[in-house]
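Worksheet: one structure, shown below.
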Amino acid sequence: MSQPFPLSPAVTEDSGGNVSRETLAFAADDVSRETPAAGAAVAAPKAPVALVAPDLSIGSTTTTPYEDYVQASVLTHLQHPLSDDPGEMVFLVTTQVMELWFTVIVHEWCTAAEALRRDDLTVAMDALRRSTYELEALNAAWKPLARLTPEQFNAYRSALGEGSGFQSAMYRRLEFLLGEKSAAMLVPHRGAPREYAELEKALQEPSLWDEVLRLLARRGHAVPEAVLRRDLGLRYESDPGVEAVWAEIYAGPQESELVLLGEALTDVGELVWRWRNDHLVATRRAMGSKMGTGGSAGVAWLEKRARKNVFPELWTARSHV
């Protein structure tokens, strides 16, 4: 086996404390220490590979470009636990991470919806595919909380007060994009003008699913007129005419871009279902059937949510192909 390559020092500092950059080089001896087989050609030693050390002086007088772009110092100082229990920090950071993923996923689905509106399936599909990776990361965020015992959760639950996940404005926007709309869900945000305005706008805009159905209609599929002209501020309800359209599409060529669109949306729908179920299981383990925070029904409400599929006709149409 080859030996590890020694590196020369990456950085030196003069007597005045000034940082200088040096060139790193791998040792030239890259010849295998194993005995070559009889008759085998011996490879010539490789030339040294030069690596330039980073300039550590960048940011030494001001904030670093990384900090200016990422705002890491802001992100890492947004945690203000209200109890002395160390588990609360985990709960708080995990919840904040989820909020960031909600923000990214909303961005992706808005991008997809806008692309569908202009018949740009390439951009729409790219955004939907990215969102599946982001949904997987969002779902993985449950892991730090998935094994909480009731006693562990109770140690800091009172610090949450009346706070509850259903009060998340960004999650509500995510649900609206899935067609899960309700004007009543704007009420908790009346005291936050920016969030309220964003949600009010999203309530009246076409959902991602609405844009998909409008695209199908423009492509000549018989999407019912009542569906296309429905009140966008109401929750989307499954329609047998839409189910028939998807059954027809899925019975056709499997490489068609509409089948591929349907499968991308099905991937999204499955991961949303998994998110809801992971939330349900984590809550069951941590608090059983107790009333949830913020006056929510807790597990009972989550069970109802977990039974629902987004993009419903994509699932039911499969029984008719």
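Note that the structure is predicted; figures quoted are calculated from it, not measured. Side chains are part of it too, since the values below use all heavy atoms of this structure and drop only hydrogens, waters and symmetry mates.
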### Query
Should W209 and L314 be marked as a side-chain contact (heavy atoms from CB on, under 4.5 Å) after you check the CA-CA gap, both sets of side-chain angles, and the distance that decides it?
CA-CA 11 Å; W209 190 234; L314 277 175; 3.7 Å; yes
### Message
Could you walk me through whether E257 and R219 satisfy the salt bridge (charged side-chain N to carboxylate O under 4.0 Å, His left out) test, starting with their C-alpha distance in whole Å, then the side-chain angles of each, then the deciding distance to 0.1 Å, before giving a yes or no?
### Response
CA-CA 11 Å; E257 58 184 8; R219 296 287 180 96; 2.7 Å; yes
### Message
I'd like to know whether M125 forms a side-chain contact (heavy atoms from CB on, under 4.5 Å) with L260, so could you lay out the CA-CA distance, the side-chain angles of the two residues, the decisive distance to 0.1 Å, and finally the verdict.
### Response
CA-CA 9 Å; M125 290 287 287; L260 296 177; 3.9 Å; yes
#### Entry: side-chain hydrogen bond (donor to acceptor under 3.5 Å, both in side chains) assessment of D55 paired with S57
CA-CA 5 Å; D55 185 352; S57 66; 2.5 Å; yes
### Task
Any chance you could lay out the salt bridge (charged side-chain N to carboxylate O under 4.0 Å, His left out) test for E205 and K201, step after step, and finish with the verdict?
CA-CA 6 Å; E205 289 179 335; K201 180 174 181 288; 2.4 Å; yes
### Query
How far apart are the C-alpha atoms of L213 and Y236, what are their side-chain angles, what is the distance that settles it, and do they pass the side-chain contact (heavy atoms from CB on, under 4.5 Å) test?
CA-CA 12 Å; L213 300 182; Y236 179 82; 3.7 Å; yes
### Task
Could you give me the CA-CA distance, side-chain angles and deciding distance for L116 and R214, then say whether side-chain contact (heavy atoms from CB on, under 4.5 Å) is met?
CA-CA 9 Å; L116 290 168; R214 292 177 178 189; over 6 Å; no
### Query
When you look at D68 and T63, which way does the side-chain hydrogen bond (donor to acceptor under 3.5 Å, both in side chains) test go after all the steps?
CA-CA 7 Å; D68 294 339; T63 55; 2.5 Å; yes
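The number of heavy atoms from other shown groups lying within 6.0 Å of NZ (K308) is above 12. Taking a 6.0 Å sphere around CD of Q254, one finds it holds more than 12 heavy atoms contributed by other residues, nucleotides or ligands. The number of heavy-atom neighbours closer than 6.0 Å to CZ of R118, taken from other residues, nucleotides and ligands shown, is above 12. More than 12 non-hydrogen atoms from other residues, nucleotides or ligands lie less than 6.0 angstrom from CG of D231.
Y66 belongs to a hydrophobic cluster whose other members, connected by ILVMFWY side-chain contacts under 4.5 Å either directly or through intermediates, are Y69, V70. Cluster partners of L199, using a side-chain heavy-atom cutoff of under 4.5 Å among ILVMFWY residues and allowing indirect links, are F176, L186, Y196, L203. Y133 belongs to no hydrophobic cluster, as no Ile, Leu, Val, Met, Phe, Trp or Tyr side chain comes under 4.5 Å of its own.
Looking only at distances, a side-chain donor or acceptor of D210 sits under 3.5 Å from a matching main-chain atom of S207. Of the possible polar contacts, one joining the D120 side chain to the V123 backbone as a donor-acceptor pair under 3.5 Å is found. Between the side chain of E88 and the main chain of P81, no donor-acceptor pair closer than 3.5 Å is present. Judged by distance alone, the side chain of H221 and the main-chain N or O of A217 form no donor-acceptor pair under 3.5 Å. Using modelled atom types, no side-chain atom of T94 and backbone atom of F91 make a donor-acceptor pair closer than 3.5 Å.
The side-chain tip of R173 does not point at the ring of F102 from less than 6.0 angstrom away and within 45° of straight on.
Both L302 and M185 are members of a single hydrophobic cluster when ILVMFWY side chains are connected at heavy-atom separations under 4.5 Å.
Scored by the ring-ring contact (aromatic ring centres under 6.0 Å, His included) test, W142 finds W275, H279 as partners (sequence neighbours excluded). In this structure E248 satisfies the side chain to side chain donor-acceptor pair (under 3.5 Å) test with no other residue, sequence neighbours excluded. Evaluation of the side chain to side chain donor-acceptor pair (under 3.5 Å) rule for E243 yields T316, H320 as partners, not counting sequence neighbours.
In this structure, W109 and L128 have side chains that are in contact, with non-hydrogen atoms separated by less than 4.5 Å. For the pair V97/V93, a side-chain contact is recorded, criterion being any heavy-atom separation below 4.5 Å from C-beta on. Side-chain contact between E303 and R307 is present, with heavy atoms from C-beta onward closer than 4.5 Å. Looking only at side-chain heavy atoms (C-beta outward), E313 and D239 come within less than 4.5 Å of each other.
Looking at E263 and R129, no side-chain N of the basic residue comes within less than 4.0 Å of a carboxylate O on the acidic one, giving no salt bridge.
Here the shortest heavy-atom pairing between S182 and R235 reads CB-NH2, 4.4 Å.
Ring pair Y250/W246 is tilted by interplanar angle, where 30° to 60° counts as tilted.
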